[in-house]
Amino acid sequence: MSHAALLVLADGRFPAGGHAHSGGAEAAVKAGRIRDARDLAAFCQGRLHTTGLTSAALAAAAAGGVDPLGLDEAADARTPSPALRATARRLGRQLMRAARATWPGGELDALAAARPRGAHQPVVLGVTARSAGLTPGDAAHCAAYETVSGPASAAVRLLSLNPFEATAVLARLAPELDEVAARATAYAARAADEGLDALPAASGPLADIAAEAHAAWPVRLFAS
């Protein structure tokens, strides 16, 4: 295992397409739910413990060798918004391209062939982590961090928020990130033994509704 590989995978400059997505922050800003750093912290905390937990568990399970096609179906079932399902697959397809160029391997090739339009991003992330020699816990940390780093980065552009404040939001969430990643890894281990129904299915209904509205906007700064 190389800890440096985890840094590369979690780096916002890794060409996986995440910079074009706000993680729901753009719709929340327009609705007045994110106005400052305090609102951003509450938004990221809620996202971490719902979508973040589910995504991290899916990624950890894939990194642990659970069937990625089954996990992809489980991700579909846990994503009620068509707009968010489409976004997850677009991001998965882009991550797959970057992953196969960076850490080529047979499992990535097999998933790409089975899901040519893209598998869900957390599933691809987990298979990528496995190909890079990382652990399920590493994959869970990466997925959990992406869940909050995207909105934090987007808020800087959407609100002209001081980037120091946005970074401080992420730093203060670090203990909860560790806790969510640990819970997700435990869920993934259970899924390997008991089946995919053991995976969490936490979600944010308001975020799902906002994603559908955002997808219909004629003009927007972010793809989602």
Side-chain angles (χ1 to χ4, degrees), residues 1-21 23 41 44-45 47-49 51-68 71 75 88 91-112 119-154 156 163-164 166-193 199-200:
M1 184 190 74
S2 168
H3 289 294
L6 177 58
L7 297 177
V8 172
L9 185 57
D11 193 332
R13 291 163 294 188
F14 189 73
H19 65 279
H21 297 264
C44 288
Q45 185 179 44
R47 184 169 164 79
L48 174 62
H49 287 277
T51 303
L53 175 63
T54 302
S55 296
L58 288 163
V66 176
D67 174 29
L71 288 169
L91 285 169
R93 185 169 62 247
Q94 179 64 24
L95 174 57
M96 179 65 78
R97 292 176 61 194
R100 292 174 76 189
T102 309
W103 297 290
E107 291 182 336
L108 285 168
D109 292 342
L111 181 56
H120 278 257
Q121 192 268 358
V123 179
V124 179
L125 175 62
V127 178
T128 300
R130 184 174 173 85
S131 187
L134 299 172
T135 68
D138 291 331
H141 269 94
C142 190
Y145 178 70
E146 285 183 349
T147 300
V148 294
S149 62
S153 177
V156 173
F164 297 156
T167 301
V169 166
L170 297 178
R172 286 191 290 269
L173 280 173
E176 291 182 62
L177 275 163
D178 288 341
E179 187 265 333
V180 166
R183 286 172 59 201
T185 304
Y187 275 120
R190 283 183 56 195
D193 293 334
L199 292 170

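- Considering NE2 of His49 and OG1 of Thr147, their distance stands at 11.0 Å, rounded to 0.5 Å.
- Of the listed residues (Thr102, Leu95, Leu134, Val123), just one forms a side-chain contact (heavy atoms from CB on, under 4.5 Å) with Thr128, and that residue is Leu95.
- Residues Ala132 and Ala5 approach most closely at O-CB, 4.1 Å, considering heavy atoms.
- Nearest heavy-atom pair across Cys44 and Val148 is O-CG1, 3.4 Å.
- Leu58 and Pro122 make their closest contact through CB-CB, 4.1 Å (heavy atoms, listed as atom of the first residue, atom of the second, distance).
- The nearest pair of heavy atoms linking Leu91 to His21 is CD2-CD2, 3.5 Å.
- Here CG of Asp138 is found 9.0 Å from CG of Leu9. Values are rounded to the nearest 0.5 Å.
- Remark: side-chain polar atoms of Ser153 are not paired, donor with acceptor, to backbone N or O of Ser149 under 3.5 angstrom.
- Note that the CG atom of Asp178 and the CZ atom of Arg183 stand 13.0 Å from one another [nearest 0.5 Å].
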Stepwise side-chain contact (heavy atoms from CB on, under 4.5 Å) test for Leu48 and Glu176: CA-CA 8 Å; Leu48 174 62; Glu176 291 182 62; 3.9 Å; yes

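- The shortest side-chain heavy-atom distance between Ser131 and Glu107 does not fall under the 4.5 Å cut-off.
- Rounded to the nearest 0.5 Å, atoms NE2 (His3) and OG1 (Thr135) are 8.5 Å apart.
- When all heavy atoms of Ala140 and Ala184 are compared, the closest pair comes out as CB-CB, 4.2 Å.
- Atoms CG and CE, on Leu111 and Met96 in that order, are 4.0 Å from each other to the nearest 0.5 Å.
- Atom CZ of Arg97 has 12 or fewer neighbouring heavy atoms from other residues, nucleotides or ligands inside a 6.0 Å radius.
- The OG atom of Ser55 sits 9.0 Å away from the CG atom of Leu125 when rounded to the nearest 0.5 Å.
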side-chain contact (heavy atoms from CB on, under 4.5 Å) evaluation trace for Glu146 with Gln121: CA-CA 11 Å; Glu146 285 183 349; Gln121 192 268 358; 2.9 Å; yes

Evaluation steps, side-chain contact (heavy atoms from CB on, under 4.5 Å), between Leu7 and Asp11: CA-CA 6 Å; Leu7 297 177; Asp11 193 332; over 6 Å; no

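- Residues Cys142 and Leu6 come closest through the heavy atom pair CB-CD1, 4.2 Å.
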Residues Trp103, Val8; criterion side-chain contact (heavy atoms from CB on, under 4.5 Å); working and verdict: CA-CA 11 Å; Trp103 297 290; Val8 172; 3.9 Å; yes

